[in-house]
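Only one structure is covered here, and it is reproduced in the block below.
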There are 2 protein chains.
Amino acid sequence: MAGNARRPGVSVASRVLDLLGAFDSEHPSLILSDLARRAGLPLATAHRLVAEMVTWGALVRSPSGAYEIGLRMWDLGLLAQVPARLRQVAAPFLQDLYGATLATVHFAVRDGTLALYVDRLSGSESLQLVSRVGARLPLHATGVGKVLLAHAPEPIRHRVFAELTPVTPYTITDPAVLDGQLARVRADGYAETREEMSLGACSLAVPVRDREGEVVAALGLTASSVHRNATQLVAALTVAASGIRRGMSHRMVAPWRDHPSAQ
Amino acid sequence: MAGNARRPGVSVASRVLDLLGAFDSEHPSLILSDLARRAGLPLATAHRLVAEMVTWGALVRSPSGAYEIGLRMWDLGLLAQVPARLRQVAAPFLQDLYGATLATVHFAVRDGTLALYVDRLSGSESLQLVSRVGARLPLHATGVGKVLLAHAPEPIRHRVFAELTPVTPYTITDPAVLDGQLARVRADGYAETREEMSLGACSLAVPVRDREGEVVAALGLTASSVHRNATQLVAALTVAASGIRRGMSHRMVAPWRDHPSAQ
DNA sequence: TGCTGTGCTTCCACCTACCGGAAGGGGGGC
DNA sequence: GCCCCCCTTCCGGTAGGTGGAAGCACAGCA
């Protein structure tokens, strides 16, 4: 009776993870049926697993009955070391930069062929932009992206150049032009964009290096016009990037600590 | 041969979650053996499950061989609706507040009997404080905490009053004194602390209400002395809190986690 | 009031994907 | 070399997981 056609090759662990993966920025809240469908699980199976996840705190049920990512996942996410360490060091300098310029401040790392926005500051007066913390935007169309791309390994550049999708009419889609710009980024130490990602928004960005000189992140400013006083803004960015570099010291890569105690 | 004493009553799903739960702010990086021990799983079992979690991106292996929370968990955590919605609305106002005062800005919600710091801004010049985004601090010893406590339901106040742990010599531990302060918080519309959480640090805080007038969060400033120009600072806080309230849609905040939270 | 649709919850016999002790491998300290 | 610690792989037995189906709850509609 009880039909049982367990789909082979799919472990329980991966089912739990697939349920989590069903959520994304466009689907932050899902009813059970959609959750099951997006995770590729039968309704009854999803129901059972989801109940366990709610008990643990990974998911919560909103008043409307839909499921959402729970507070406990937020806690866990904050422990992710790549963004957490960088943010911790960078945050005060980003504040200073915002205070000095009142432009939107971006702090990003490269995640594959995309720029991952680790932090972002903007006041209530700032331009409305597509960037959000956690967003992934194209490397070739943003200030921080160009910096990261200019210092990315060859295979990554190759993949990005293979698909220069236009975002606005001003997005650079000619590989030769972009290649020239990246060479200038490496030579001059900063990148710029002019309405290549959002109409009406221009940006400047500089690399952030670790103690070994490796480019690990990029720091940028975005406003309706940044080119008039570009020299000053690049100077401010450079000062902040140096401060961040100094703060990173020798501990950015997992040190070995704790405890002979037990045993 | 193959000994098999599967521990009953523990589902695979909960094992996966327990592995995640083995990480906390004091153990953001764990080698396999510690991870297995903290999750209460045999080494071989942990090894198998962890491998799947790494494949999916929930965990990553650091260069030293230890496991850490992966970027994909960071992404997921950002989708948690309670902090995400509040932060999105509040962030620009927090920036403005920081720009106007240059004091450390705190934005917190109540999580059970603790204040959960949802956001925090401070420049490179600011005081070093114990607060961090994601931190949970006592309600009775912080500015934002007193605001949240003053507007908390009776059972919560009861539980907090039952255990007024001193943090510094100035922490309020007399229930009668605290009760008087909370009454004043409700009457005056703001709370203050004087070195009750960190020596040398004082704070002011005001409630943030939603469209229905319910207190959903608290907004605070901390500096070495805030009482001299308290009137101005409270005014700035109040303006920011009103701005946040206006930015909030109606059903913005999910019900609080008011369970005794095991662990 | 009854009908229909949608979505959630519970049930349970089958059986496979999971379990975990033990053995094997690798590297670093002494 | 020798030991210790930690990681990785293996494999027979079986218990936890599976998912179709039935039942329930509720809302919209005539």
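Treat the numbers as computed from the prediction; the structure is a model and nothing was measured. Heavy atoms only: backbone and side chains are in, while hydrogens, waters and symmetry mates are out.
Residues forming a salt bridge (Lys or Arg N to Asp or Glu O under 4.0 Å) with A/Asp119 (at least two apart in sequence, or on another chain): A/Arg87. Residues meeting the side-chain contact (heavy atoms from CB on, under 4.5 Å) test with B/Thr165, sequence neighbours left out: B/Glu163. Scored by the side-chain contact (heavy atoms from CB on, under 4.5 Å) test, A/Thr55 finds no partners at all (sequence neighbours excluded). The side-chain contact (heavy atoms from CB on, under 4.5 Å) test applied to B/Ala51 returns no partner, not counting sequence neighbours. The side-chain contact (heavy atoms from CB on, under 4.5 Å) check on B/Ser198 picks up B/Leu129, B/Val130, B/Ala201, with sequence neighbours excluded. In terms of the side-chain hydrogen bond (donor to acceptor under 3.5 Å, both in side chains) criterion, A/Arg209 has no residue partners (sequence neighbours excluded).
Here the CH2 atom belonging to A/Trp74 is positioned 12.5 Å from the CH2 atom belonging to B/Trp74, to the nearest 0.5 angstrom.
Here the options are A/Thr113, A/Val185, A/Val160, A/Thr142, the test is side-chain contact (heavy atoms from CB on, under 4.5 Å), and the partner is A/Leu149; only A/Val160 passes.
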Could you check B/Leu17 against A/Met53 for side-chain contact (heavy atoms from CB on, under 4.5 Å), going step by step and ending with a plain yes or no? CA-CA 8 Å; B/Leu17 297 172; A/Met53 294 163 79; 4.2 Å; yes

Please enumerate all protein N or O atoms sitting under 3.5 Å from an N or O of nucleotides 23-26 of chain C, with distances to 0.1 Å.
none

All N/O contacts under 3.5 Å from nucleotides 22-27 of chain D to the protein, with atom names and distances to one decimal?
none

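In this structure the side chain of B/Val147 never reaches within 4.5 angstrom of the side chain of B/Val144, judged on heavy atoms.
Close to C/dC18, at under 4.0 Å from its OP1 or OP2, lies no side-chain N or O of A/Arg15. In this structure, A/Thr45 reaches the D/dG19 phosphate: one of its side-chain N or O atoms is under 4.0 Å from OP1 or OP2.
In the helix from C/dT1-D/dA30 to C/dC30-D/dG1, the terminal helix axes, each the rotation mapping four pairs' C1' atoms onto the next four within five end pairs, subtend 40°, rounded to 10°.
Straight-line distance from the CG atom of B/Leu49 to the C1' atom of D/dG16: 14 Å, rounded to whole Å. Note: CD (B/Glu52) to C1' (D/dT8) measures 16 Å, nearest angstrom. At whole-Å resolution of the value, CG in B/Leu19 and C1' in C/dC19 are 14 Å apart.
Among residues at least two apart or in separate chains, salt bridge (charged side-chain N to carboxylate O under 4.0 Å, His left out) pairs with a member in residues 33-52 of chain A are A/Asp24-A/Arg38, A/Asp34-A/Arg37.
Salt-bridge check for A/Arg136 with B/Asp75: passed, with a basic side-chain N closer than 4.0 Å to an acidic carboxylate O.
For A/Pro42, taking side-chain heavy atoms from C-beta onward, the closest of the listed nucleotides C/dG20, D/dG20, C/dC19 is D/dG20.
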At under 4.0 Å between heavy atoms, which parts of nucleotides 6-11 of chain C does protein reach? Answer with one letter per nucleotide, 5' to 3': B base, S sugar-phosphate only, - none. -SBBB-

For residues 152-159 of chain A, dump all side-chain donor-acceptor pairs below 3.5 Å to protein atoms at least two apart in sequence or in another chain.
| residue | atom | partner | partner atom | Å |
| --- | --- | --- | --- | --- |
| A/Arg157 | NH1 | A/Ala152 | O | 2.8 |

